[in-house]
Amino acid sequence: MKKQLICLIGPTSVGKTEHAINLAKELNTEILSCDSRQIYKEMRIGTAVPEPSQLESVKHHFIATESIHNYYSVYQFELDALQKSAELFKKYDKLVLTGGSGLYLNALIYGMDDIPDPDPEIRRNLEIRLQKEGLESLRFDLKRLDPEYYAEVDLRNPKRVMRGLEVCLTTGQTFSHYRNRSARERPFAHKIICLDRERSSLHSRINKRVDLMVEAGLIEEVKSLFPHRHLNALKTVGYRELFEAFDGKLSIEEAIELIKRNTRRYARRQITWNKRYKKAQWFDAAEADNLIALTKDYLNQE
RNA sequence: GGGGAGAUACCAAAGUGGCCAACUGGGGCAGACUGUAACUCUGCUGGCGUAUGCCUUCGGAGGUUCGAAUCCUCCUCUCCCCA
């Protein structure tokens with residue numbers, strides 16, 4: 001029997017953590033997290049890392065394992081998760097994967113193209129150029145250096161334009177040359193389960209969770225990270241808004257409201273992303289009682 | 001009791017005779033996205049499955065006009081000031 005990775009995904013606050021733990025217990029296995037922010041050990045409250053008791057009840061991987069001060073990316077995650085899963089599959093037939101970062105999930109189940117790391121110097125220069133010369137100028141270069149990618153990218157999206165350019169500039173090859181986007185063979189099968197729930201219910205859970213984070217000390221956590229606000233890891237819902245409040249641009253109350261709003265938006269983007277998995281099985285997370293049964297049925301279908 | 005201001009779509013708020021189904025912002029919805037991805041970007045938001053099309057809107061009821069959210073009359077409600 002082929003090893004199986006059971007991917008439990010869904011928007012933030014939908015109830016993934018709890019369900020994943022129940023499922024992992026039921027299957028007697030461990031959990032891999034695919035979350036680009038819970039992986040940072042400095043950001044616990046604002047990223048809703050599982051409770052210590054939850055982390056104890058089932059072994060979790062890739063939670064609070066990296067530092068915001070180190071460079072980390074999807075590609076890194078692909079390598080780490082591949083290695084970890086291979087190790088765990090020696091012991092288990094099934095593993096549970098859960099988390100909110102769609103691209104991280106893709107990296108593990110389909111793989112990322114092998115593209116050299118960008119030269120940090122080049123990346124920095126591009127950022128400066130964007131500031132000074134504007135997007136137009138970067139587009140101009142991209143058109144010249146990689147017309148193929150130029151024809152595909154969203155030209156209004158500075159991040160994507162810069163990404164193409166930085167690869168061209170550091171490697172001397174076109175970005176398109178590296179970007180095959182073909183799925184890799186994996187030594188395990190995967191099943192995707194998408195959790196969702198009525199929008200109003202999701203929103204009230206988000207609001208409540210943000211309030212709980214504040215009670216749990218979110219403001220202090222963010223304050224302690226204030227000196228590092230420029231780091232990429234801290235460009236995150238829940239942190240960014242409070243940084244603005246510390247700057248005096250917002251009141252704390254306004255920042256909290258904004259966190260709620262931005263979390264709702266984030267959740268919506270996650271749902272949109274999840275719709276790309278055409279073979280995924282969708283469940284309503286509100287049916288907590290029989291979710292495990294439904295899931296087991298689904299897994300047994302084959 | 002007297003004087004003044006105002007009622008616009010889910011909310012806030014422009015518009016003060018035709019270019020208005022109605023600026024803009026918020027909220028909401030939808031979408032894109034292979035190395036910063038909780039990032040970044042895009043579209044829609046009165047109804048009619050699509051529409052250079054039709055229908056119903058700008059507190060209510062009438063009226064003026066070829067034509068009104070915009071002008072007039074009355075009514076209802078809200079707010080502010082004086083008593």
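Chain naming here is simple, since letters A, B, ... match the order of the sequence lines and numbering starts at 1 in each.
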field: ring-ring contact (aromatic ring centres under 6.0 Å, His included) involving A:His177 - partner list, sequence neighbours excluded
entry: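 Listed in chain order: nothing, the list is empty.
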Qualifying ring-ring contact (aromatic ring centres under 6.0 Å, His included) pairs, either residue in residues 78-125 of chain A, two or more places apart: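 Sorted result for residues 78-125 of chain A: A:Phe77-A:Tyr104, A:Phe89-A:Phe188, A:Tyr110-A:His190.
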Donor-acceptor pair, side chain of A:Asp35 and main chain of A:Gly99, under 3.5 angstrom: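 Absent.
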Taking atom [atom1] in both [N] and [M], compute the distance separating them and give it to the nearest angstrom.
N	M	atom1	answer
B:U78	B:G28	C1'	28 Å
B:C29	B:G46	C1'	15 Å
B:C54	B:A21	C1'	13 Å

- request: Answer yes or no: does a side-chain N or O of A:Ser101 lie under 4.0 Å from OP1 or OP2 of B:A37?
  value: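 It does not, given that no N or O in the side chain of A:Ser101 lies less than 4.0 Å from OP1 or OP2 of B:A37.
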- request: Indicate whether OP1 or OP2 belonging to B:C33 is found under 4.0 Å from a side-chain N or O atom of A:Lys159.
  value: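 Indeed not, no polar side-chain atom of A:Lys159 lies that close.
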task: Please work out the stems of RNA chain B from pairs that are Watson-Crick or G-U wobble with both distances under 3.5 Å, keeping only runs of three or more consecutive pairs.
output: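 Counting only runs of 3 or more consecutive pairs, the stems involving RNA chain B are B:1-7 with B:76-82, B:10-12 with B:24-26, B:27-32 with B:40-45, B:46-48 with B:53-55, B:59-63 with B:71-75.
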Listing time: all N or O pairs from protein to nucleotides 41-43 of chain B that are below 3.5 Å?
| unit_1 | atom_1 | unit_2 | atom_2 | d |
| --- | --- | --- | --- | --- |
| B:C41 | O4' | A:Asn157 | ND2 | 3.1 |
| B:C41 | O2' | A:Asp154 | OD2 | 2.5 |

Remaining members of the apolar cluster that contains A:Leu165, side-chain heavy atoms under 4.5 Å: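 Listed partners: A:Ile115, A:Ile122, A:Leu126, A:Leu130, A:Leu135, A:Leu138, A:Leu142, A:Leu145, A:Tyr149, A:Tyr150, A:Val153, A:Leu155, A:Val161, A:Met162, A:Val167, A:Leu169, A:Phe175, A:Tyr178.
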message: Could you list the cluster mates of A:Val49? Members are the ILVMFWY residues connected by side-chain heavy atoms closer than 4.5 Å, either directly or through other members.
response: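 Result for A:Val49 is A:Leu55, A:Ile63.
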Nucleic acid contacts - [range] versus RNA chain B, non-hydrogen atoms under 4.0 Å:
range	value
residues 223-252 of chain A	A:Asn232, A:Lys235, A:Thr236, A:Val237, A:Arg240
residues 58-81 of chain A	A:Tyr71, A:Ser73, A:Val74, A:Tyr75
residues 103-114 of chain A	A:Leu103, A:Tyr104, A:Met112, A:Asp113, A:Asp114
residues 122-148 of chain A	A:Arg123, A:Glu127

message: On RNA chain B, does the nearest nucleotide to A:Arg276 precede the nearest nucleotide to A:Gly46 from the 5' side, or the other way round? Give the residue.
response: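 It is A:Arg276, whose closest nucleotide lies nearer the 5' terminus.
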- request: Select from A:Leu258 and A:Ile271 the residue whose nearest nucleotide in RNA chain B is closer to the 5' end of that strand.
  value: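 It is A:Leu258, whose closest nucleotide lies nearer the 5' terminus.
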message: Please enumerate all residues that pass side-chain contact (heavy atoms from CB on, under 4.5 Å) together with A:Ser251, with sequence neighbours excluded.
response: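 A:Ser251 satisfies side-chain contact (heavy atoms from CB on, under 4.5 Å) with A:Glu253, A:Glu254 once adjacent residues are dropped.
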A:Ala280: side-chain contact (heavy atoms from CB on, under 4.5 Å) partners, not counting sequence neighbours: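 Partners of A:Ala280 by the side-chain contact (heavy atoms from CB on, under 4.5 Å) criterion, ordered by chain and then number, come out as A:Ile192, A:Cys194, A:Tyr277, A:Trp282.
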